[in-house]
Amino acid sequence: MADPDAAAYAEMIARQRRLNALQAAADEQRATAARAPEPPSGAVREKDYWRTHPGIAESFVPVWGSAREGIADAYERDVIGALGNGVLALSDFVPGSFFVKGLAKGGLKLGGSHTWSATRKWMGKRGTLDAGQHGHHGMIPQGGWGRHVPDWFKNQPPNITAMPSPEVHGRIHGRYAKKPQYDLIQRYWRGTPDGAKSALALLASRSATAADSSGERQ
């Protein structure tokens with residue numbers, strides 16, 4: 001006599017086997033993910049850097065500041081903001097801008113290595129810096145947020161201020177020979193390249209937008 005429950009029992013066994021197979025696959029995926037190496041902390045910081053908006057000082061840097069704002073806007077899917085900042089970045093290439101003036105005067109290093117050591121030697125050969133004279137990165141620093149800026153961009157003559165003495169350079173960055181660091185105004189005046197000072201009107205035209213963006217993010 002046939003078992004009336006045989007079909008139902010077989011279906012239950014088949015269903016349980018399918019569930020077991022799905023569970024095993026899920027366990028294998030979790031185990032594989034656990035064995036996968038984590039991305040380097042530097043790579044994570046690099047990705048986070050491009051997702052965040054620049055500070056006020058960085059947003060003022062010609063080309064770079066607006067480009068950084070635009071990339072952060074794109075990550076946030078702010079199409080209008082990304083396009084607007086893209087236009088501002090391109091505007092730094094129009095005739096008369098700080099960046100184009102440097103290019104027109106042959107003041108940009110376009111070939112070879114762009115390490116600071118190589119650029120410093122190049123500037124020495126061109127007479128932009130005297131032998132042994134310090135050069136200060138006036139707008140885009142070498143450290144801090146400047147570490148994320150490519151060498152070919154930040155190690156350019158328009159970003160370098162010739163220092164009258166090692167003491168002046170030292171006191172821009174901190175205490176030097178038992179003398180205090182310069183105050184903010186002195187650091188700006190002594191450390192900012194002359195070309196950038198003359199472009200202050202151009203940079204100030206963005207101050208309202210930059211300050212408003214900064215306020216919204218706080």
Side-chain angles (χ1 to χ4, degrees), residues 46 49-50 52-74 82-166 168-170 172-173 186-207 209-210:
E46 184 74 13
Y49 172 77
W50 290 108
T52 58
H53 290 266
I56 295 295
E58 187 180 357
S59 68
F60 280 166
V61 177
V63 183
W64 180 263
S66 295
R68 277 268 289 113
E69 286 278 12
I71 293 172
D73 287 335
L83 290 176
N85 280 298
V87 171
L88 285 175
L90 291 175
S91 72
D92 287 327
F93 289 98
V94 301
S97 72
F98 169 62
F99 195 83
V100 169
K101 283 180 180 178
L103 179 61
K105 294 178 180 179
L108 298 182
K109 187 176 187 295
L110 303 179
S113 172
H114 289 285
T115 64
W116 172 231
S117 177
T119 301
R120 173 63 184 82
K121 292 177 182 177
W122 180 83
M123 293 179 69
K125 290 179 180 179
R126 293 175 61 87
T128 311
L129 292 175
D130 295 332
Q133 185 176 23
H134 287 210
H136 172 67
H137 288 67
M139 296 186 66
I140 305 175
Q142 280 188 296
W145 61 266
R147 288 195 299 269
H148 299 282
V149 181
D151 284 347
W152 65 262
F153 194 94
K154 67 184 174 188
N155 292 333
Q156 291 288 354
N159 187 45
I160 307 301
T161 305
M163 294 284 96
S165 69
V168 171
H169 194 197
I172 288 175
H173 290 286
Q186 288 179 311
R187 293 200 299 273
Y188 165 78
W189 188 253
R190 295 173 183 271
T192 303
D194 291 338
K197 292 174 186 173
S198 68
L200 182 59
L202 172 66
L203 302 181
S205 67
R206 303 179 186 170
S207 60
T209 300

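A pairwise comparison of heavy atoms in Trp116 and Gly135 identifies CZ2-O, 3.8 Å as the closest pair. Between Lys109 and Ala118, the shortest heavy-atom contact is CE-O, 4.2 Å. Contact record, Pro164 with Val168: CG-CG2, 3.8 Å, taken as the closest heavy-atom pair. The nearest pair of heavy atoms linking Thr192 to Tyr188 is OG1-O, 2.7 Å. Shown here for Val149 and Ile140, the closest heavy-atom pair between the two residues is CG2-CG2, 3.7 Å. Scanning all heavy atoms of the two residues, the minimum distance from Asn159 to Lys154 falls at ND2-O, 2.9 Å.
The CG atom of Leu129 sits 4.5 Å away from the CZ atom of Arg120 when rounded to the nearest 0.5 Å. Atoms CZ and OG1, on Arg190 and Thr161 in that order, are 12.5 Å from each other to the nearest 0.5 Å. For the atom pair Asp151 CG and His114 NE2, the distance stands at 9.0 Å (nearest 0.5 Å). One finds the CD atom of Gln156 at 7.0 Å from the CG atom of Leu110 (value rounded to the nearest 0.5 Å). Taking CG of Asn155 as the start and CG of Leu108 as the end, the distance is 12.5 Å to the nearest 0.5 Å. Atom CD1 in Ile160 sits 8.5 Å away from atom NE2 in His136 (nearest 0.5 Å).
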